[in-house]
Amino acid sequence: MKAIRGGTGLGDALYVQSVARHIIRTRGDRLRVCTDWPDVFKPLGDKVSIAPFTRLGITYLAHYSQRKPLTHTDQFEDCCQAAGIMEPVDFRLDWVLEDYALVDRIQARGKPIVLVQLPRAPMGRTDGFGAELLPDCRRIQHAIDMIGDRATKVLIGHGKALFSFFGIDIDLSGKTSVSQVLDLASVASGFLGYVSFFVPLAESFDKPGLFVWSRRGLKSGQPYVKNITPEKILHRQSSRAVIDDCPDDELESAVEVFLSLEPVDAIC
């Protein structure tokens, strides 16, 4: 059986899921997916088998790392082309809701749901690498303030919080499984965060996302970090980026997309 892998993160797994689905559909291969995020691949059913993450014996390497400096492709396209796919690939996750009780509780307010990302160490690193990718979280707080009571703002993510947001309606940080995160994403109307797994999470559900970028990261002397730009990362037109030192009116204009959102019905 042919094997596929990407990077080690949740966002990487979301990229690989779409690449794997495309390979299965167009080439008829049944795949062994080497991943530590098996829940992401549930929509592919028995067309895949799941194995622990490994770098050995891989047929399709759906990873962007070696193409980071290239400017004519975005990160998802890099995953596809690294795996040998040159044609367009539909970036989506056909998720079916699992935790109805959780979703019912969040939807009970009758408002659109905006998922807000927990500020934590970028890439989950404990050695400080990439720390400058975390934006000035006061700018995300400004966006939260602007959304106000127009939406139910739900904080999700795992790890040590590096900034405390005010005005969050439901704090689920550190309290969700991967499948519950996907449940919430499937019924969310929008996403508010920074460069991380939140980008492919929003884009794989084709939901509006506002991502605050760090000027420090864009000016980093570390080439890998410096190449993490909005142009390289964002794949869908529904995703929008602002830099954390942008004028208030630019941020406020970007937040407007959240002020006209409608609630999303659960997909059963």
Side-chain angles (χ1 to χ4, degrees), residues 4-23 33-37 40-41 53 55 58 60-93 95 115 117 120-125 129-135 157 178 181-182 185 190-220 222-244 254:
I4 186 171
R5 79 158 176 93
T8 58
L10 174 55
D12 298 312
L14 289 164
Y15 288 137
V16 173
Q17 188 275 155
S18 287
V19 175
R21 191 189 68 251
H22 183 85
I23 291 171
V33 181
C34 300
T35 181
D36 293 330
W37 307 93
V40 172
F41 298 89
F53 180 87
R55 291 180 169 85
I58 298 300
Y60 298 107
L61 177 60
H63 199 15
Y64 49 78
S65 59
Q66 297 303 311
R67 299 174 57 88
K68 207 73 171 172
L70 303 181
T71 58
H72 64 283
T73 53
D74 62 47
Q75 190 156 271
F76 177 62
E77 292 168 341
D78 288 339
C79 289
C80 298
Q81 293 188 23
I85 304 171
M86 298 300 137
E87 67 270 21
V89 176
D90 187 13
F91 185 21
R92 76 170 195 270
L93 180 67
W95 185 253
L115 298 184
Q117 184 180 2
R120 61 170 183 129
M123 299 178 284
R125 298 288 291 251
F129 180 84
E132 61 268 42
L133 290 170
L134 185 69
V178 173
V181 166
L182 299 176
F191 293 71
L192 175 61
Y194 53 95
V195 59
S196 64
F197 79 96
F198 239 52
V199 176
L201 184 64
E203 293 193 334
S204 60
F205 284 97
D206 197 12
K207 302 289 182 70
L210 173 58
F211 305 102
V212 179
W213 237 262
S214 166
R215 179 67 70 186
R216 288 194 310 130
L218 295 173
K219 288 185 174 182
S220 174
Q222 214 294 329
Y224 185 91
V225 174
K226 187 176 182 178
N227 285 327
I228 300 178
T229 65
E231 295 77 16
K232 188 63 177 176
I233 303 301
L234 303 184
H235 179 71
R236 287 192 179 274
Q237 292 184 350
S238 53
S239 296
R240 182 166 179 178
V242 295
I243 313 303
D244 58 3

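Here the structure is a predicted model, which is why all the values come from computation and not from measurement.
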Next on the checklist: Between R92 and D206, does any side-chain N to carboxylate O distance fall below 4.0 Å?
Outcome noted: no

L93 side chain reached by F205 side chain, heavy atoms, under 4.5 Å: yes

Of all heavy-atom pairs linking V16 and A62, the shortest is CG2-O, 3.9 Å

* Got a sec: does the NZ of K68 have more than 12 other heavy atoms crowding it under 6.0 Å? -> yes

Note to self: Please evaluate residues V19 and Y60 with respect to the criterion side chain to side chain contact (heavy atoms under 4.5 Å, CB included), reporting the C-alpha separation (whole Å), side-chain torsions for both, the decisive distance (0.1 Å), and the verdict.
What the structure shows: CA-CA 9 Å; V19 175; Y60 298 107; 5.9 Å; no

Exercise. Are any of the side-chain heavy atoms of D90 and R21 separated by less than 4.5 Å?
Worked result: yes

- Query: Should the pair K232-D78 be classified as a salt bridge under the 4.0 Å nitrogen-to-oxygen rule?
  - Reply: yes

R236 side chain to F91 main-chain N or O, any donor-acceptor pair under 3.5 Å?
yes

- Message: Using only atom types and a distance under 3.5 Å, with no angle test, would you say the side chain of S196 pairs donor to acceptor with the backbone of Y194?
- Response: yes

For a quick check under 3.5 Å, do E77 and H72 share a side-chain donor-acceptor pair by atom type? no

In this structure, CD1 of I243 is separated from CH2 of W213 (nearest 0.5 Å) by 8.0 Å

Would K207 and F191 count as a cation-pi pair here, with the cationic atom under 6.0 angstrom from the ring centre and within 45° of the axis?
no

On a heavy-atom basis, the closest approach of S18 and V89 is O-CG1, 3.8 Å

Just do the side chain to side chain contact (heavy atoms under 4.5 Å, CB included) check on I23 and I85 with the steps written out, would you? CA-CA 8 Å; I23 291 171; I85 304 171; 3.7 Å; yes

Q. Between the side chain of Q75 and the main-chain N/O of H235, is any donor-acceptor distance below 3.5 Å?
A. no

Is the closest side-chain donor-acceptor distance between E132 and S220 under 3.5 Å?
yes

Under 3.5 Å side-chain donor-acceptor pair for E231 and T71: no

When every non-hydrogen atom of F198 is compared with those of L192, the smallest separation belongs to CE2-O, 3.5 Å

Rounding to 0.5 Å, atoms CZ (F76) and OH (Y64) come to a distance of 13.0 Å

Flag for S238-E203: side-chain donor and acceptor within less than 3.5 Å:
no

Here the pair of heavy atoms bringing P230 nearest to L218 is CD-CD2, 4.2 Å

- prompt: So L61 and R55, side chain to side chain contact (heavy atoms under 4.5 Å, CB included) or not? Walk me through it.
  reply: CA-CA 9 Å; L61 177 60; R55 291 180 169 85; over 6 Å; no

Expected output: side-chain D244 to main-chain R215 donor-acceptor under 3.5 Å
yes

Heavy atoms of other groups near Q237 CD, more than 12 under 6.0 Å: no

CD (Q17) and CD1 (I4) are apart, to the nearest 0.5 Å, by 10.0 Å

Correct closest heavy-atom pair for L182 and V40 would be CD1-CA, 4.2 Å

Interatomic distance, CG@L134 vs CE@M123, rounded to 0.5 Å, equals 11.0 Å

Query - Close side-chain approach of V242 and L210, heavy atoms under 4.5 Å - result: yes

On a heavy-atom basis, the closest approach of F53 and G6 is CE1-O, 3.5 Å

Check whether any side-chain heavy atom of T8 lies under 4.5 Å from a side-chain heavy atom of D36, and answer yes or no.
no

When rounded to the nearest 0.5 Å, the distance separating CG of L14 from CG of L201 is 6.0 Å

Tell me, with the steps shown, if V225 and F129 meet side chain to side chain contact (heavy atoms under 4.5 Å, CB included). CA-CA 9 Å; V225 174; F129 180 84; 4.0 Å; yes

Open item on the list: Quick check against the 3.5 Å criterion: does W37 have a side-chain atom that pairs as donor or acceptor with the backbone of V178?
Closed with: no

